[in-house]
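First comes the structure, then the notes that go with it.
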Amino acid sequence: MIFFFDKSFIIILLINLLYSQCIAENTCFPSGFKIGVASSAYQTEGAWNVSDKGINNWDTFTHGKNQGNSNEDNTGDIASDSYNKYKEDIQIISDIGFDYYRLSLSWARILPNGFANKISEEGVQHYKNVLDELHAKGIEPFVTIYHWDHPDVLDKLGGWTNELMVDYFEDYARIVFQEFGSRVKLWATINEPNINCLSSYSTGVYAPGFKMPGIGPYICVHNMLKAHTRAYEIYDEEFRQINNGKIGIVIAGFYHFSVEENDTESSDVAFQYESGWIAHPIFSKNGDYPPVMKERIGENSKLEGYPRSRLPEFSPDWIQRIKGTSDYFGLNHYSSNLVKSVPKNPITGWINDSGIVSSVDKSWMRAASIWLSVVPKGFRSILNKIKCEYNNPPVFITENGYSGYANESDIQDINRINYFYSYIEEMLLAINVDGCNVHRYTAWSILDSFEWDMEYKERFGIVHVDFNNPNRTRTPRLSASWLGCVLNRRKLISFDEFNANRI
Ligand code: BGC
């Protein structure tokens, strides 16, 4: 007997076959899953003194290191020159085939005085041009309002330790929504308050370089959480209906593996002190800081003779307002570490305020950044932790990437491809097997750029930038072409398979 099938039936059958194969191999992305790439303003733009742009905190900080002498090697004065080369960058992003581009705005380019009484027409026009160019190439813009750079005048007033920053940020955010709201449907308010506040006000390796451990970072995060909430409220009340977009916050998170086998506590405590510090007030059922932080910092403060906890308190009104102010959980995840609990000492209290000490497993491969060990399984673990802790919120991976050394001739960046492969593989297990609600994956970073305290010594770009060449010539690395292949086939592809199909 002969059966005749029409063509569409066979196509559907083939699609189903391929789909079940990629499910079995754990290589497929859920339908509608989006893949993008990211950068930030100070790290890439350069053009530090064009038109009427104001001086920002990082201009002052990096110039201060050179005692007033210009030195391209350790400032973002030129950086990757993306302010001038944005069309070339967007062409590269489009050639690779990314769905979206996560970029940030320079506050001092938009409000040169820091305050809302003067808006720079040129600054605003620049970003309109960038956004229009993205739309023209069919790339969705994902805009971070604040990725660590703000007008220097605000630092002179205390920066993020000044509660008025909440008002200044609110004014800036409103202007940003007014100017760009029709062009942007996806917003992030603040990038990684935890890392920013610790590095700016505890270790002092970021602008403004203050060392106030145990005090500065807690005040900084407190104000950032309020500033984030105000921006979310403004978007909700004044713009959401017209612009119909989403807005959330970006949180940094390692996964913390307990060193001791039967220790279930230390991993959780370490999570609460890192990601939970920001996430608990926003995503948990009860809001406010994680109880373990309130308890332990309170106990330490008492032992140290402070009249109140060094961790500021939210009023009941703020606790309610902050809760729920994120349409997605933005997660920047790069690495993991090992943790161990140290019991409270009756005289000195909790070590590090948390009672946790951390280390790394010497067998883990390390990237160029000292903090970046390659531990893919931690990715699946932190996604599961977020799922359990906050009732499976929609998660956007807003950064994930691997650093190489500046002196390597590393266009053939196979280590980076292996990193991306193994991390994406774990993310897909978290999605397809564990049911984690992940919708987007963003590779960090499109370009080599100014790596904050590491200046140009570490390179995260999937595109190499020649910082010795005044043209800042761009050369896509092999990882760019591998990601292009993944995007094209919408499937995780091993290096070997990719390599075999290369011409
Ligand atoms: C930051 C980026 C930075 C990356 C690598 C992230 O924490 O958001 O700005 O380049 O880490 O250091």
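Counting convention: from 1, in listed order, for ligands and their atoms alike. Heavy atoms only: backbone and side chains are in, while hydrogens, waters and symmetry mates are out.
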Would you mind running through ligand 1 and noting each atom that sits below 4.0 Å from a heavy atom of [X]?
{"X": "H147", "result": "1 (C), 2 (C), 8 (O), 9 (O)"}
{"X": "Q43", "result": "2 (C), 3 (C), 9 (O), 10 (O)"}
{"X": "E192", "result": "1 (C), 6 (C), 7 (O), 8 (O)"}

- request: May I have the step-by-step check of side-chain contact (heavy atoms from CB on, under 4.5 Å) for R474 and I92, ending in yes or no?
  value: CA-CA 9 Å; R474 278 98 163 105; I92 294 173; 3.9 Å; yes
message: Run Y86 and H126 through ring-ring contact (aromatic ring centres under 6.0 Å, His included) and show every step you take.
response: CA-CA 10 Å; Y86 72 91; H126 168 71; 5.5 Å; yes
Examine the proximity of ligand 1 to [X] and report which part, side chain or backbone, both or neither, has a heavy atom under 4.0 Å away.
{"X": "Y402", "result": "neither"}
{"X": "E399", "result": "side chain"}
{"X": "N191", "result": "side chain"}

S40, any N or O under 3.5 Å of ligand 1 N or O: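 By distance alone, the answer is no.
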Extract all donor-acceptor atom pairs below 3.5 Å that involve side chains of residues 156-163 and protein atoms in other chains or at least two apart in sequence.
from, atom 1, to, atom 2, distance (Å)
K156, NZ, D152, OD1, 3.3
K156, NZ, D152, OD2, 2.5
W160, NE1, Y146, OH, 2.9
T161, OG1, G158, O, 2.5
N162, OD1, L164, N, 2.8
N162, ND2, L157, O, 3.0
E163, OE2, K226, NZ, 2.9

field: atom 10 (O) of ligand 1: nearest protein contact (heavy atom, Å)
entry: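 Minimum-distance protein heavy atom for atom 10 (O) of ligand 1 reads E451 OE2, 2.5 Å.
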- request: Please report which non-hydrogen protein atom sits nearest to atom 4 (C) of ligand 1, along with the residue it belongs to and the distance in Å to one decimal place.
  value: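 Ranked first by proximity to atom 4 (C) of ligand 1 is Y334 OH, 3.4 Å.
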- line: Which of F61, W148, Y42 passes ring pair (Phe, Tyr, Trp, His ring centres under 6.0 Å) with Y206? Answer is W148
message: Taking the six-membered ring of Y405 as reference, does the cationic atom of R459 (NZ for Lys, CZ for Arg) lie under 6.0 Å from its centre and within 45° of its axis?
response: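 Relative to the ring axis of Y405, which defines the angle, R459 lies outside at least one limit.
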field: Ion pair check, R477 and D448, cut-off under 4.0 Å
entry: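 Here R477 pairs with D448 in a salt bridge, since their nearest N and O are under 4.0 Å apart.
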Distance, nearest 0.5 Å, that separates CD of E399 from OG of S39: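 That separation rounds to 9.5 Å.
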